[in-house]
Structure formats: C-alpha cells, structure tokens
Amino acid sequence: NAGVTQTPKFRVLKTGQSMTLLCAQDMNHEYMYWYRQDPGMGLRLIHYSVGEGTTAKGEVPDGYNVSRLKKQNFLLGLESAAPSQTSVYFCASSSAAGATTGELFFGEGSRLTVL
Amino acid sequence: GNSVTQMEGPVTLSEEAFLTINCTYTATGYPSLFWYVQYPGEGLQLLLKATKADDKGSNKGFEATYRKETTSFHLEKGSVQVSDSAVYFCALSFYNQGGKLIFGQGTELSVKP
C-alpha cells in the first residue's frame, strides 16, 4: 500500500527559482493538506483542499500556490523561492470521516533547501 | 487564538524508564486532542486521540487523558523501549473544521539501551 507519496524527496533551489511538489494518495480521500515543519515550530498548515477542484488557505499560505485538478493529487508550487521557504514539507490526506476526527495520513516529507 | 504547547526536548531516557511528555492547550471551545509520532525518516502517524473531557486515549502502551480543568493532554508510557525513539507531536482540531490540525512544536525522545 503506497498511501501518501511525495515527490521529490529532496531538492535544492536557488533564490528566485520555481518548483512544484507533488503529492499523490491512493486511498480515495477527499481532503488533502500541505504542512511545513520547521525546528521548534511544529507543523504549520500552508493550504488544504476539501475536494477535487477546491483549495483553501491555511495558516502560512504566502509565497505558495496549490492545485487539486485530480482527486488523488495535490500540488504545491513555489513561484519564486526564498531562503525562508527552506523547510520540510509534508502532505497529508484524510477521508471525510477522518477529517471530522482529525485522523490524517502523512507522506514521508520533502526536504527543500533554498540557497 | 488556539495553540498547543509541549515540553521542551530532547528527552533522553534509559530503556524501561517511565515517560511523561507534557502538553497543554489553549482553545476556544472543545477541541479533540491527539498525539502523533514521527519515527526517523518517516511521516507522522496518529498514535492516540481523545475527543472529549476525561476521555483516555491509548495505543502501543502509551496513554493520555483529556483534562479540561487543566487544559492538558500529557503523554505517558510505563516502560519505554529503544524503538520508541521518535518525535512526538501534540495537536488539536475542531469537529467539522476540515481536519485542520494545530500542532505543538514536537518533543524528541531518545531511548538508550
């Protein structure tokens, strides 16, 4: 069972470059999320989606865009990367029932370094 | 605003020692509370949860009780193993808010043989 798969796992960017992180889930979940994890700050929600074709802002959305064109995929884009976006990014998904109870399934993370 | 505060890490224990990781929360309303665990090189996974006051969540020998009067959800285990070495995150969410979790900063646990 693949669960939640993130690509790439590691990436180094220069300031100003753009990139897209891909999250794919094979559990037919309605809800998907992008979090960033920074030392001493836990995980913070960037954007989320409650279904195909929908997206919404989380706690720290600035500098990021997302798209959910297919139910199984949730893309996170950085149009012009900044050093402050150096972080570990986690994608998560949840069924509608799981979303009401806070049970999310996480990917293994993508480590992004912006020089 | 809503927030979660955890005890500072890292926490280093010997095998079979008793574990407590403190977690307190600030919330408007009545959230559900969670402990997630992140093993090295992996994503987070749900360890246990409690949805209302005085509920006790338990899993894999870990327990936590939802204490509304002290706004706490401390994680305990009677005898830790080396395999419990991980980062533990306390979190809260509200029913029908789309599963959005608010996390504490995480507490790293290292268990030595």
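Lettering follows sequence order; numbering is per chain, from 1.
Within the 4.5 Å cutoff, the side chain of B/Gln38 has heavy atoms near those of the A/Phe90 side chain. Looking at heavy atoms from C-beta onward, B/Tyr36 lies out of side-chain contact with A/Leu43 at the 4.5 angstrom threshold.
Cluster annotation: A/Val60 and A/Leu112 are assigned to the same hydrophobic cluster (Ile/Leu/Val/Met/Phe/Trp/Tyr, side-chain heavy-atom contacts under 4.5 Å, transitive). Cluster membership for B/Phe103 and A/Tyr31, using ILVMFWY side-chain heavy atoms within less than 4.5 angstrom, is shared. Clustering ILVMFWY residues whenever any of their side-chain heavy atoms sit less than 4.5 angstrom apart, transitively, puts B/Tyr39 in the very cluster that holds B/Val11. Residues A/Leu21 and A/Tyr48 do not share a hydrophobic cluster, clusters being chains of Ile/Leu/Val/Met/Phe/Trp/Tyr side chains in contact below 4.5 Å.
For the pair A/Gly102 and B/Ser93, the tightest heavy-atom approach, listed with the atom from each and the gap, is CA-OG, 4.0 Å.
In this structure, B/Glu16 places its CD atom where only 12 or fewer heavy-atom neighbours from other residues, nucleotides or ligands lie under 6.0 Å away. Atom OH of B/Tyr95 sits in a sparse spot, with 12 or fewer heavy atoms from other residues, nucleotides or ligands closer than 6.0 Å. Within 6.0 Å of CZ in B/Phe18 there are more than 12 heavy atoms belonging to other residues, nucleotides or ligands. Remark: A/Lys9 NZ is packed, more than 12 non-hydrogen atoms of other residues, nucleotides or ligands lying under 6.0 Å away. For CD of A/Glu79, the number of neighbouring non-hydrogen atoms (other residues, nucleotides, ligands) closer than 6.0 Å is 12 at most.
Of the atoms belonging to A/Ser94, not a single heavy atom falls under 4.5 Å from chain B. For B/Phe89, the part lying under 4.5 angstrom from a heavy atom of chain A is the side chain only. Of the two parts of A/Gln37, only the side chain, counted from C-beta on, holds a non-hydrogen atom closer than 4.5 Å to a non-hydrogen atom of chain B. Interface remark: A/Leu45 contributes side-chain atoms only to the contact with chain B (heavy atom separation under 4.5 Å). If you measure heavy-atom distances from B/Lys100 to chain A, the contacts under 4.5 Å come from both the backbone and the side chain.
Note that CZ of A/Phe105 and CD of B/Gln45 are 10.0 Å apart. Values are rounded to the nearest 0.5 Å. One distance of note links CZ of B/Phe34 with CD of A/Glu103; it measures 8.5 Å at 0.5 Å rounding. To the nearest 0.5 Å, the span separating CD on B/Gln105 from CE on A/Met41 amounts to 10.0 Å.
Counting heavy-atom pairs under 4.5 Å between each of B/Leu46, B/Thr51, B/Ile102, B/Leu101 and chain A puts B/Leu101 at the top. Options A/Gly58, A/Pro39, A/Cys91, A/Ala99 differ in how many heavy-atom pairs under 4.5 Å they form with chain B, and the most are formed by A/Ala99.
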